Number of protein chains: 2
Amino acid sequence: MPKYVDPEARRRDVVDALFRVVVRDGLQRASLRAVADEAGLNIGSLRHYFASQRELMDFAMQSMLDRLGARLVRRVEEAGDLGRHPGPERLRLAVELLAELLPLDEVRRAEVAVFLDFNTAARTSPEFAGLARRTAVGARELVRRLLGRLEATGTLRPGLDLDTETERLTALLDGLGMTAVLHPDLLGAEACLAVLRGHLGDLAAH
Amino acid sequence: MPKYVDPEARRRDVVDALFRVVVRDGLQRASLRAVADEAGLNIGSLRHYFASQRELMDFAMQSMLDRLGARLVRRVEEAGDLGRHPGPERLRLAVELLAELLPLDEVRRAEVAVFLDFNTAARTSPEFAGLARRTAVGARELVRRLLGRLEATGTLRPGLDLDTETERLTALLDGLGMTAVLHPDLLGAEACLAVLRGHLGDLAAH
DNA sequence: AGGGTTCTATCACAGTCGTGATAAATAGAA
DNA sequence: TTCTATTTATCACGACTGTGATAGAACCCT
């Protein structure tokens with residue numbers, strides 16, 4: 001007994017198809033027709049759920065950020081109050097949290113790839129500028145808050161400038177993610193983690 | 001008395017026009033027609049110097065790398081033997097060398113923007129894969145050699161793992177360049193330099 | 001069974017793209 | 001001047017893009 005399609009589920013399916021196309025062929029080749037094919041839909045059907053390309057892209061990018069945001073919130077809740085853990089454990093939790101932003105498995109690799117294509121496109125595509133900016137600000141806020149917590153619990157060595165360290169760690173994450181996605185043979189998942197661990201270890205009080 | 005055009009000069013002009021288009025509108029919109037317009041040429045004329053789009057892109061990217069390579073070589077020659085300088089001076093020279101890779105002025109900002117667009121496109125465009133890989137390897141070699149020199153002159157603190165530090169510094173440079181190009185309001189030129197200086201200072205023997 | 005909404009499918013249009021082919025204009029040497 | 005190579009300019013073709021319009025099928029409710 002067929003029923004009316006759940007529109008939200010359909011939209012999610014389309015977005016998933018869009019992500020697959022972007023990961024495989026790049027944002028440039030993610031045309032409405034290509035996405036429709038990937039989703040197994042007719043283009044007219046797709047356009048029934050997304051009136052325009054702009055609407056699809058906006059919804060897709062927002063979906064990705066929501067998904068990532070939910071994962072981060074879950075991590076933070078799992079960790080609970082940082083002060084309850086011993087020193088080395090605090091660093092480990094910080095690494096695990098930030099590792100959500102690195103392409104360490106296929107899910108995150110797809111996210112970072114889409115994120116990269118989308119962000120570079122946003123440089124010259126005003127329709128993406130707003131979202132791109134918010135994600136950049138959001139990443140900085142996350143990193144800054146984390147470093148602030150570590151500092152407040154005495155996990156970091158004294159004398160660090162929070163602004164500089166925030167930019168440093170954010171840039172490191174961006175760079176690691178970029179290289180791991182573009183050149184996975186040059187920088188594998190474990191190497192990524194090793195660099196991140198090393199960096200936080202460097203920032204820690206010895 | 002008009003003369004025959006210097007073909008190499010023309011090709012350089014076209015490449016410059018291509019870079020302007022890419023910086024302004026993105027690699028995606030750098031079509032043959034757009035580049036010809038930007039260069040003040042008819043598309044038929046442009047195609048007389050570049051038989052295909054592929055040939056233009058290959059030549060353009062190689063030109064950019066040659067230009068950057070020449071700047072780096074000049075820096076290295078100016079610095080001479082690192083051992084001749086006192087310790088703090090060595091760090092300053094290292095910062096200046098690596099700063100050639102950061103978008104600190106309009107020339108370098110254009111380079112990094114083109115580099116970013118080109119590299120992300122290379123992820124899903126096999127025709128660019130070779131060049132993208134060589135640049136990634138080249139950057140790592142440069143960073144690694146520099147760190148090796150600093151270590152050999154006793155400028156770095158002991159116990160550092162060269163492989164990890166190479167990836168860390170390379171990722172930092174990539175991330176700084178990316179953010180400075182995509183979000184110049186979040187990360188200005190001086191902030192970029194401050195982070196780089198801070199990082200090398202952290203690596204230095206105190 | 002009828003009626004109205006939701007969904008799927010198809011056509012057409014104007015725009016862009018890279019490229020092949022070809023012609024016209026120009027420059028320099030004979 | 002005449003001849004040849006270089007340079008500039010146009011046209012056409014097939015392929016692709018997003019989108020408007022429209023029609024038909026599938027579905028749920030009365």
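The structure displayed is predicted, hence computed values, not measured ones. Chain letters run A, B, ... following the sequence lines, proteins first, then strands; residues in each count from 1.
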> Take atom CD in A:Glu78; do more than 12 heavy atoms of anything else shown fall under 6.0 Å from it?
yes
> Starting from the C-alpha separation in whole Å, work towards a yes-or-no answer on salt bridge (Lys or Arg N to Asp or Glu O under 4.0 Å) for B:Asp105 and B:Arg109.
CA-CA 6 Å; B:Asp105 57 24; B:Arg109 185 190 180 306; over 6 Å; no
> Send over the distance from B:Gln28 CD to D:dC16 C1', rounded to a whole Å.
12 Å
> Using a distance-only criterion (donor-acceptor N/O pair, under 3.5 Å, no hydrogens), is the base of D:dG20 paired with the side chain of A:Arg47?
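Yes.
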> Side chain of A:Arg33, base of D:dT19: donor and acceptor closer than 3.5 Å?
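Such a pair exists between side chain and base.
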> To the nearest Å, how far apart are A:Asp58 CG and D:dG18 P?
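Taking atom P of D:dG18 as the reference, CG of A:Asp58 is at 15 Å.
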> What contact category does A:Leu41 fall into here, base, sugar-phosphate, or nothing, at under 4.0 angstrom with non-hydrogen atoms?
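Since no nucleic acid heavy atom lies under 4.0 Å of A:Leu41, the category is nothing.
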> Separation of A:Leu46 atom CG from D:dT19 atom C1', in whole Å?
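These atoms are roughly 13 Å apart.
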> Could you give the CZ-to-P distance, from A:Arg11 to C:dC7, as a whole number of Å?
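Rounded to the whole Å, the gap is 12 Å.
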> Are A:Tyr49 and C:dT8 close enough that a side-chain N or O sits under 4.0 Å from OP1 or OP2?
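True: A:Tyr49 side-chain N/O within range (under 4.0 Å) of C:dT8 OP1/OP2.
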> Could you check whether the rings of B:His199 and A:His199 sit parallel, tilted or perpendicular, using 30° and 60° as the cut-offs?
parallel
> Measure the distance from NE2 on B:His48 to C1' on D:dT7 and round it to the nearest whole Å.
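These atoms are roughly 6 Å apart.
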> Atom CZ of A:Arg29 to atom P of C:dC17: distance rounded to whole Å?
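Taking CZ of A:Arg29 and P of C:dC17, I get 16 Å after rounding.
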> Could you check whether atom CZ of A:Arg149 has more than 12 heavy atoms from other residues, nucleotides or ligands sitting under 6.0 Å from it?
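At most 12 heavy atoms, drawn from other residues, nucleotides or ligands, come within 6.0 Å of this atom.
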> Name the nucleic acid region contacted by A:Arg10, choosing base, sugar-phosphate or nothing; use a 4.0 angstrom heavy-atom cut-off, strictly under.
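The residue A:Arg10 makes sugar-phosphate contact but no base contact.
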> What is the separation between atom CZ on A:Phe50 and atom P on D:dT19, rounded to the nearest whole Å?
13 Å
> Please determine, for the side chain of A:Ile43, which listed nucleotide (C:dC7, D:dT8, D:dT19) has the closest atom?
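Closest of the options to the side chain of A:Ile43: D:dT19.
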> Closest nucleotide of DNA chain D for B:Asn42 versus for A:Gly44: which of these residues is on the 5' side?
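The residue whose closest nucleotide sits nearer the 5' end is B:Asn42.
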> Has B:Arg108 got more than 12 heavy atoms of other residues, nucleotides or ligands less than 6.0 Å from its CZ?
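Enclosed.
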> Whether B:Ser31 contacts C:dC17 is assessed here as follows: a side-chain N or O lying under 4.0 Å from the phosphate OP1 or OP2. Is that the case?
yes
> For A:Gly40 and B:Ala34, take the nucleotide of DNA chain C holding the closest heavy atom to each; which residue's nucleotide lies nearer the 5' end?
A:Gly40
> Check the distance between D:dA9's P and B:Leu32's CG and give it to me in whole angstrom.
16 Å
